[in-house]
Amino acid sequence: MIPRNEYPRPRLVRKNWECLNGEWQFEFDHGNSGKNRRLYEAESFSHKIIVPFAPESKLSGIEYVDFMTSVWYRRTLNVDMKALENKRLILHFGAVDYLAEVWINGVSVGTHKGGFTPFSFDITKHVHDGNNIITLKAYDDTRNDLQPSGKQCDEYYNCGCSYTRTTGIWQTVWTEIVEDIYVQKLKLTPDVDNGKIYIEMYLNKEGASSAKATASIDDRKHCTEFKITGRQARASIDIPDAKLWDIDKPNLYDLAIKLDTGDEFTSYFGMRKVELDGYKFKINGRSVFQRLVLDQGFYPDGIYTAPTDEDLKKDVELSMAAGFNGARLHMKIFEPRLSYWADKLGYLLWAEYPNWGLDVSRAESLYAMLPEWVEAVERDYNSPAIIGWCPFNETWSGVDKEVFKTVYNVTKAIDITRPVIDASGGEHVITDIFDYHDYEQNPEKFRETYAEFAEKEIDPPCWRTDEHKYIQGQPYFISEFGGTWWNIDIDNTNSWGYGKTPEDIEEVYKRFEGLTGVLLDHPKMFGYCYTQLTDVFQEKNGIFSFTRVPKFDLERIRKSQQRVAAIEK
């Protein structure tokens, strides 16, 4: 059975595709000399690997966890040239960590920089009838301070809150047969107040001046025809009395688009708006307290890659069962299937960038991360579940402020509809929301920290700069807290969590109920984010174990979060 063979791009779906996951040939290249040795022309490699699982993972069949400077992949691709008549063959990679180069039959077809975002190449001119050879090289150096790597450990052993690395292919590889002129990018923007959905499409090349497209919603209940101008097309469709997407009602609309060039595909969208109103974060016009959990997206057997699509769905369901209504997707650009399930289930998401490992005091860091961040924002723009962007996490003094300003402004240029937090829990330079990370374990001390801010117009606890101080009335929340150390495993060696280990499980409940209660009852808090959904390797502070076994009475955890928050009244 081919692993992870569900359609990998859920918000732009075509029928004519082939999953290339499964067994590939594999080669280590510790000296990064493979290109000089012309491995892209080699007739075979010495190992086998199961794609899309990284070689560090058990599911890959390799399970090599030391540093790998470079790795190589090779497999055959059978092509029927008759099926490609007047069409194009596109080769897609969901994500390859970190620098990738691809060869078809020994000819380089392109490169990509960034370990978390998708890329593709038109390989039509490079293939022939019958078997063809795909070769990929991935270069990865987590010890390079201009390579963002998130929570991947830059030491041999896992340590602290850094974990097993991911090298090479870790998301689905697939091919797609498309028309000569086809849509490369789709942008859907809901306008709840005016009852419209705005559609923007970007094509691979210019078509005839008379080219048109037709968009229909929910099997032609709403339909429009519009003209393609050059390489782009824009349209709006009225949706009177729209059924809104919300955390308790995740209504989605199906969208089908056909071009008279022959291209056709399906998508979906949610009619949903988010807005900041003083201290309140509103969804569809009402104040919604965000009961978020930190989700780091690691798996015991797959590392960065969920073993199955069902495992991605299960993580959302487990979080909701514990009473959370959303998550910070922490220090990782998650597989798009995760936000797909959040869209389907009505679950809020904050999307982040894995900036750790990147020296943001250097201007060059902008070149290292901005192109990939743009790819991430554009990839996930259409997800109604995503309600905000956060390009940096826990950056302290010494940051290059111009880097922060540029990333913020570019994010806003792509997406004016969602708020942006420049640096979660870190030194804010330019931000729509101030936030703070606080791992105090004593609920009474926790309450005292924020009591005066509840009653007076003063600055709340936060990292701030002289250039961008807290503005009275600006939204504020605690985006990391809790993290209580509780290990259900027999072996407690090298495990850790925040604070002193509780005496018994009842003390864990009291801490959770007390800490969340402080924030639920605070009139200026629009939400919180509890650390964390699951244990991750040595870090034992999850609601669930690393294998997704509940560590606590979920009903008690859920009930302690369910009362109406002060800011919702």
Side-chain angles (χ1 to χ4, degrees), residues 4-20 83 87-92 94 118 120 122 171-191 196-204 207 211-228 231-239 242-245 249-272 309-310 312-313 335-347 378-386:
R4 296 303 307 271
N5 63 348
E6 67 282 344
Y7 193 84
R9 190 184 56 199
R11 288 179 282 271
L12 202 167
V13 178
R14 293 188 178 94
K15 295 180 179 179
N16 201 349
W17 75 289
E18 179 185 1
C19 181
L20 300 185
K87 297 184 187 298
R88 296 175 180 267
L89 181 63
I90 311 299
L91 175 61
H92 296 275
S120 60
D122 183 341
Q171 288 187 34
T172 291
V173 184
W174 52 295
T175 57
E176 181 180 37
I177 296 177
V178 298
E179 301 297 326
D180 181 55
I181 298 177
Y182 66 99
V183 171
Q184 287 184 315
K185 185 170 66 176
L186 173 70
K187 188 173 184 179
L188 303 172
T189 306
D191 182 349
K196 295 178 181 290
I197 181 72
Y198 291 94
I199 302 170
E200 298 176 66
M201 301 190 307
Y202 301 89
L203 281 62
N204 64 310
K212 294 181 180 178
T214 301
S216 59
I217 298 172
D218 283 356
D219 198 21
R220 303 189 72 81
K221 288 183 180 178
H222 310 279
C223 185
T224 191
E225 185 179 276
F226 51 106
K227 187 176 181 179
I228 299 171
R231 290 185 58 184
Q232 63 181 345
R234 293 188 176 95
S236 66
I237 302 179
D238 292 332
I239 307 179
K243 295 180 179 179
L244 302 186
W245 184 97
K249 296 178 182 178
N251 296 305
L252 295 172
Y253 288 87
D254 292 324
L255 174 67
I257 292 182
K258 294 183 180 181
L259 279 63
D260 57 12
T261 63
D263 188 27
E264 58 181 284
F265 56 89
T266 59
S267 186
Y268 68 87
F269 62 90
M271 294 296 290
R272 186 272 296 128
D309 187 47
E310 189 64 27
L312 291 169
K313 180 183 180 184
E335 302 176 54
R337 296 289 302 187
L338 187 281
S339 55
Y340 166 78
W341 286 116
D343 294 340
K344 297 280 284 187
L345 297 172
Y347 185 71
E378 290 182 338
R379 188 199 74 176
D380 293 336
Y381 178 91
N382 295 341
S383 168
I386 294 175

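These numbers were taken from a predicted model, which means no experiment stands behind them. Both backbone and side-chain heavy atoms feed into the values below; hydrogens, waters and symmetry mates do not.
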For this session: Output all residues satisfying side chain to side chain contact (heavy atoms under 4.5 Å, CB included) with D122, sequence neighbours left out; order by chain, then residue number.
Result: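 Side chain to side chain contact (heavy atoms under 4.5 Å, CB included) list for D122, sorted by chain: R88, I90, T124.
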Exercise. Got a sec, which residues hit side chain to side chain contact (heavy atoms under 4.5 Å, CB included) with S216, two or more places apart in sequence or on another chain?
Worked result: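 Only R220, C223, A256 meet the side chain to side chain contact (heavy atoms under 4.5 Å, CB included) criterion with S216.
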Problem set entry | Sequence neighbours excluded, every pair satisfying side-chain hydrogen bond (donor to acceptor under 3.5 Å, both in side chains) that has a member inside residues 336-345 |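 For residues 336-345, and leaving out neighbouring residues, the side-chain hydrogen bond (donor to acceptor under 3.5 Å, both in side chains) pairs sorted by first residue read R11-S339, R11-D343, Y268-D343, D309-R337, D309-W341, D343-S383.
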Exercise. Parallel under 30°, tilted from 30 to 60°, perpendicular over 60°: which one fits the rings of Y7 and W17?
Worked result: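 Perpendicular: the ring planes of Y7 and W17 meet at over 60°.
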For this session: Could you tell me how the ring of W174 sits relative to the ring of H92: parallel (under 30°), tilted (30 to 60°) or perpendicular (over 60°)?
Result: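 Judged by the thresholds at 30° and 60°, the geometry between W174 and H92 is parallel.
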Of the non-hydrogen atoms in [X] and [Y], which two are nearest, and what is the gap between them?
X    : Y    : result
P384 : L252 : CG-CD2, 4.0 Å
R234 : F226 : O-CD1, 3.7 Å
S267 : L188 : OG-CD1, 3.9 Å

Exercise. Using 4.0 Å as the upper bound for N to carboxylate O, is an ion pair formed by R4 and E335?
Worked result: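 Salt bridge flag = yes for R4 with E335.
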Indicate yes or no: at least one non-hydrogen side-chain atom of [X] is less than 4.5 angstrom from one of [Y].
X    : Y    : answer
Q184 : R231 : yes
D260 : T214 : no
M271 : W245 : no
P336 : Q171 : yes

For this session: Decide yes or no on salt bridge (Lys or Arg N to Asp or Glu O under 4.0 Å) for K15 and E264, but give the supporting numbers first.
Result: CA-CA 9 Å; K15 295 180 179 179; E264 58 181 284; 5.7 Å; no
For this session: Answer with yes or no whether the side chains of Y198 and E200 bring together a donor and an acceptor at under 3.5 Å.
Result: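 Short answer, no.
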Exercise. How about Y381 and R379: does a side-chain donor come under 3.5 Å of a side-chain acceptor?
Worked result: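 The criterion, which ignores hydrogens and geometry beyond distance, is not satisfied for R379 and Y381.
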Exercise. D180 side chain to K87 main-chain N or O, any donor-acceptor pair under 3.5 Å?
Worked result: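 No; judged by distance alone, with no hydrogens or angles, the pair does not exist.
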Exercise. After noting the C-alpha distance and the side-chain angles of K313 and L345, does the key distance pass the side-chain contact (heavy atoms from CB on, under 4.5 Å) rule?
Worked result: CA-CA 9 Å; K313 180 183 180 184; L345 297 172; 4.2 Å; yes
For this session: Evaluate the criterion side-chain contact (heavy atoms from CB on, under 4.5 Å) for residue pair T261 and Y182; output intermediate values, then yes/no.
Result: CA-CA 8 Å; T261 63; Y182 66 99; over 6 Å; no
For this session: Evaluate the side-chain contact (heavy atoms from CB on, under 4.5 Å) criterion for residues I199 and I257: first the C-alpha distance (whole Å), next the side-chain angles of each, then the deciding distance (0.1 Å), finally the verdict.
Result: CA-CA 10 Å; I199 302 170; I257 292 182; 4.1 Å; yes
For this session: Evaluate side-chain contact (heavy atoms from CB on, under 4.5 Å) for T175 paired with L89, printing each intermediate quantity in order.
Result: CA-CA 7 Å; T175 57; L89 181 63; 4.0 Å; yes
Scan [options] and name whichever one has a side chain to side chain contact (heavy atoms under 4.5 Å, CB included) with [X].
X    : options          : value
L259 : E179, K212, M201 : M201
D263 : N204, V183, L203 : V183
F269 : I239, N382, L186 : I239

Exercise. Quick one: CD1 on I217 to CG on D254, what's the gap to the nearest 0.5 Å?
Worked result: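 Here the rounded value is 10.0 Å.
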Exercise. In Å and rounded to the nearest 0.5 Å, what is the CZ to CD1 distance from R272 to I386?
Worked result: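 Nearest 0.5 Å value for the CZ-CD1 distance: 9.0 Å.
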